[in-house]
Amino acid sequence: MHILYEVADKIATITLNRPEAANAQNAALLDELDAAWMRAADDPEVSVIVLRAEGKHFSAGHDLGTKVPDDLKITLELIYGNESRRYLEYSLRWRNIPKPSIAAVQGRCIAGGLLLCWPCDLIVASEDASFSDPVVMMGIGGVEYHGHTWELGPRKAKEILFTGRPVTAHEAEQTGMVNKVVPRDRLDEETRALAAKIAAMPPFGLRQAKRAVNQTLDVQGFYAAIQSVFDVHQTGHGNALSVGGFPILVNLDEMKAKIE
């Protein structure tokens, strides 16, 4: 089991539980995570969903060490189908669950890790948290769910993509991506307190408030942009395949060093 799940006081807590791999996301973890989100969405006793992680880091992103079977022919069609389901469809579904959600982020949140916290309505980050998307060094223009421009603004989004550098928790708070920055040892406590405050509100009112904000973003172009940029992302894979470099165009040790 890569995911822990519990409900108490109208709060469902979903925990990434692969700390030995810095909560890197393989297919099993993502499928279990989606099942946990759906369980919370369908439970009438749940008013608020909290996503947290065990260990030093929130998530090191997609598990780049996952072994590809020797007899599997890698094609763009195969990549597109897998990523459209697990990276795009899952993230959009979590974003649109009609219950407030809060991500509690500590340590590194890298690339695919953003696809877990960005769909949440609120983010509480520890002081040591940082957020990055270094996949340009893999010849790809950013991860599959392009929240960058919406979360950080266009110039800051370009800066972190062009340089691959991490955004600190306090920087992210200044852009509005993070709601609150707290000491590491108070992350769970502060997140729980915020969730409890929200859980005391009328569920239908919360549902309508969330819909109002999300619908406004969609009218402004969020949904269409997310879909369009997903296809832009796939051109990176197409280019890699054309030069025989899929799935990794970067030294794995270099990528792993970023989470130490």
Mark yes when over 12 heavy atoms from residues, nucleotides or ligands other than [X] sit less than 6.0 Å from its [atom1]; otherwise mark no.
| X | atom1 | result |
| --- | --- | --- |
| Lys210 | NZ | yes |
| Glu77 | CD | no |
| Met201 | CE | no |
| Arg211 | CZ | no |

Check whether any side-chain heavy atom of [X] lies under 4.5 Å from a side-chain heavy atom of [Y], and answer yes or no.
| X | Y | answer |
| --- | --- | --- |
| Tyr223 | Leu92 | yes |
| Tyr145 | Ile226 | yes |
| Leu88 | Glu83 | no |
| Leu116 | Leu33 | yes |
| Leu122 | Ile198 | yes |
| Cys109 | Cys117 | yes |
| Glu32 | Asp34 | no |
| His148 | Val143 | yes |

For residues [X] and [Y]: do they belong to one hydrophobic cluster (side chain heavy atoms under 4.5 Å, members Ile, Leu, Val, Met, Phe, Trp, Tyr)?
| X | Y | value |
| --- | --- | --- |
| Leu114 | Phe58 | yes |
| Trp118 | Val178 | yes |
| Val167 | Met177 | yes |
| Leu217 | Phe230 | yes |
| Tyr87 | Val229 | no |

Is the shortest distance from a Lys or Arg side-chain nitrogen in [X] or [Y] to a carboxylate oxygen in the other one below 4.0 Å?
| X | Y | result |
| --- | --- | --- |
| Arg155 | Glu159 | no |
| Asp218 | Arg95 | yes |
| Glu151 | Lys156 | no |
| Lys99 | Asp121 | no |
| Asp31 | Arg86 | yes |
| Arg186 | Glu190 | yes |

Distance-only polar pair, side chains of Glu144 and His233, donor-acceptor under 3.5 Å: yes
Compute whether any side-chain donor of one residue and acceptor of the other, for Asn17 and Thr15, lie under 3.5 angstrom apart. no
Distance-only, no hydrogens or angles: does the [X] side chain make a donor-acceptor pair with backbone N or O of [Y] under 3.5 Å?
| X | Y | value |
| --- | --- | --- |
| Ser59 | Gly61 | yes |
| Gln174 | Ala169 | no |
| Thr235 | Val232 | yes |

Tightest non-hydrogen contact, residues Ala104 and Thr191, listed as CB-OG1, 3.5 Å
